[in-house]
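Below is one structure, written out as structure tokens; the observations come after it.
All values below come from the heavy atoms of this structure, side chains included, with hydrogens, waters and symmetry mates left out. We count ligands from 1, going down the list as the structure has it; atoms in each ligand are counted the same way. The shown structure was predicted, so the numbers you read here are calculated from the model rather than taken from an experiment.
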Amino acid sequence: MTVRPNDQRDQLEALYAEMGPSGLTPLWESLHALVTPEPVSPALPWRWSFGEVRDFLMRAGDIISAEQAERRVLIMENPGIPRQSAITPSLYAGLQLILPGEVAPCHRHAQNALRFVMEGSGAFTALDGEKAVMEPFDLVLTPAGQWHDHGNQTDQPMIWLDGLDIPTVRLFDASFAERLDVAAHPESALAGDTLSRYGRNMRPLRGSAADRRPANRPLFHYRYAEWRPVLDSLSSSAPVDPHLGHALEFLNPADGGAVLSTISAHVRNIPAGFETRPRRSTDGTVFVVVEGEGILLLDGREITLAPRDIVVVPSWTRHQFQARSTLVMFAYSDKASQEKLDLYREQLL
Ligand code: 1HN
């Protein structure tokens, strides 16, 4: 029997309509969109200017307290994947404001988080009761399952970028969270104690009750005062990588791996006048401009870069940086997850 095309379409549509209520759908209608020959990200390249977000955040600060909000954050949502609290399909980004005298109450959750300080000096994040006193462009980690609260005992607002793996944890349906019954975790150590124990390529020889940090994840504060000079010495002593500029990854000293189990982070210095060669990778990446001006070229589009801009480059998007002045950036991505799942790929063009 020969089936005329229109008859076939009608018959298929009738079949789909009948099977739908049974939780069935035909693969042949979606196979090519599901299994693409290369990544086709729904995310868009996008830039947020810090000043614009800051204005909205300060207005929110006039209306709602950090305590009431639990976390007073404006989410940077990728316009290509709206209403999912996602800046890339696997990652979240927000800007958090904590005003003088405020606390953000203690909680813990399955999601991994990093903080990258954008403005202010001297407020803290406490991890299991140990404070990290934060300065601009410091990186502070709050790994999955660890109690954390924030406080600002200075007279200036503090704003940082929150990077979390919220969409990843949602994908796996594995979210757990709980609040501590007091706003601030009892102090467990002097501020900076962990940094002095583990931040010098050393560790205590014998474990003791004072080693509160998990042995596989001791460090949680990576200071701008430490990383920035290293980028400079790299620039004067090593050839520049044509695709990255001078780049340094933040490491977990216990295993030499990424800083969080799902998130990798690094910093770059692209010398004034330098243009990176095009590259693309499967880890959609969030960049924060720390200093300098330049242009991000992607797929024929141009995004201008100024200090404290936040930009996202989706998976497998060919891109290049042009540095007008020395361009220093912080970046984070889901490369740590992808490497564990044998998914990560990079192409140098
Ligand atoms: C969180 O715990 C913080 O601890 C910030 O500051 C943003 C976004 C979603 C879920 C948990 C924080 C968050 C978050």
Problem set entry | E178 bridged to R108 by N-O distance under 4.0 Å |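 Yes, this pair counts.
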
Please tabulate, one line per pair, the protein N or O atoms found under 3.5 Å from any N or O atom of ligand 1, giving the distance to one decimal.
from     : atom 1 : to   : atom 2 : distance (Å)
ligand 1 : 2 (O)  : H107 : NE2    : 2.6
ligand 1 : 2 (O)  : H109 : NE2    : 2.7
ligand 1 : 2 (O)  : H148 : NE2    : 3.4
ligand 1 : 4 (O)  : R71  : NE     : 2.8
ligand 1 : 4 (O)  : R71  : NH2    : 3.3
ligand 1 : 4 (O)  : H107 : NE2    : 3.3
ligand 1 : 4 (O)  : R115 : NH2    : 3.1
ligand 1 : 4 (O)  : H148 : NE2    : 2.9
ligand 1 : 4 (O)  : H150 : NE2    : 3.4
ligand 1 : 6 (O)  : R71  : NE     : 2.8
ligand 1 : 6 (O)  : Q96  : NE2    : 2.9
ligand 1 : 6 (O)  : R115 : NH1    : 3.1
ligand 1 : 6 (O)  : H150 : NE2    : 2.6

Exercise. Which word best sums up how the rings of F250 and F330 line up, parallel for under 30°, tilted for 30 to 60°, or perpendicular for over 60°?
Worked result: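 F250 vs F330 ring planes: tilted.
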
For this session: Verify whether the ring centers belonging to H185 and H107 lie closer than 6.0 Å.
Result: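 When the ring centroids of H185 and H107 are compared, they turn out to be at least 6.0 Å apart.
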
Exercise. Is the distance between the ring centroids of F287 and F321 under 6.0 Å?
Worked result: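 So the answer is yes for these two rings.
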
For this session: Would you mind telling me which of E346, Q338, Q347 makes a side-chain hydrogen bond (donor to acceptor under 3.5 Å, both in side chains) with T282?
Result: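 The option that passes is Q338.
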
Exercise. Which hydrophobic side chains are connected to F172, either touching it within the sub-4.5 Å cutoff or through other members that do?
Worked result: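 Noted: F172 shares its cluster with L171.
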
